[in-house]
Amino acid sequence: MDLNVVILAAGKGTRMKSRLPKVLQPLPNKPLLSHVLQTSLRLNATRVIVVYGHGGEQVKEQISSQFPG
């Protein structure tokens, strides 16, 4: 059975008083989104889809730099 993961990563992060999108806020040493992506990979997800909105270019760059391909 295949595991597909959809990550909703479109929050602005205004309550965090930051210009960074919510999913790029650091949690210890890496963005929140990275933690979720790494967990998805550890679960051997067949397909991981990230739905992004606010700060989409920043989110795309972060994903590309940490998870190429």
Side-chain angles (χ1 to χ4, degrees):
M1 181 175 191
D2 292 341
L3 172 65
N4 295 308
V5 176
V6 177
I7 302 169
L8 303 177
K12 281 187 177 181
T14 53
R15 287 178 289 193
M16 296 179 172
K17 309 281 192 245
S18 173
R19 291 183 181 198
L20 277 177
K22 188 183 305 181
V23 297
L24 297 182
Q25 295 295 320
L27 178 65
N29 297 320
K30 57 187 172 189
L32 292 168
L33 179 58
S34 295
H35 290 279
V36 179
L37 286 167
Q38 286 179 336
T39 299
S40 299
L41 294 174
R42 281 197 301 270
L43 292 170
N44 295 317
T46 304
R47 189 170 181 197
V48 179
I49 299 166
V50 179
V51 179
Y52 55 86
H54 177 73
E57 283 304 312
Q58 284 179 289
V59 174
K60 242 169 52 174
E61 286 174 23
Q62 184 70 39
I63 293 169
S64 300
S65 69
Q66 287 195 316
F67 302 91

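These numbers come from a predicted model, not from an experiment. Along the sequence shown, residues are numbered consecutively beginning with 1.
Residue I49 shares its hydrophobic cluster (ILVMFWY side chains chained together at separations under 4.5 Å) with V6, L8, V51.
Counting only heavy atoms from C-beta outward, the side chains of L20 and Q58 approach each other to under 4.5 Å. A 4.5 Å side-chain heavy-atom check between L37 and V50 finds at least one atom pair inside the cut-off.
Residues L24 and V59 share a closest heavy-atom pair of CD1-N, 4.0 Å. Taking both residues in full, the closest heavy atoms of G55 and P21 are given as CA-CG, 3.8 Å, listed atom of the first, atom of the second, then distance.
N44 pairs by the side chain to side chain contact (heavy atoms under 4.5 Å, CB included) definition with nothing, not counting sequence neighbours.
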For residues 28-35, which side-chain donor-acceptor pairs fall under 3.5 Å, sequence neighbours excluded?
residue: K30; atom: NZ; partner: Q38; partner atom: OE1; Å: 2.3
residue: S34; atom: OG; partner: Q66; partner atom: OE1; Å: 2.1
residue: H35; atom: NE2; partner: L27; partner atom: O; Å: 3.1

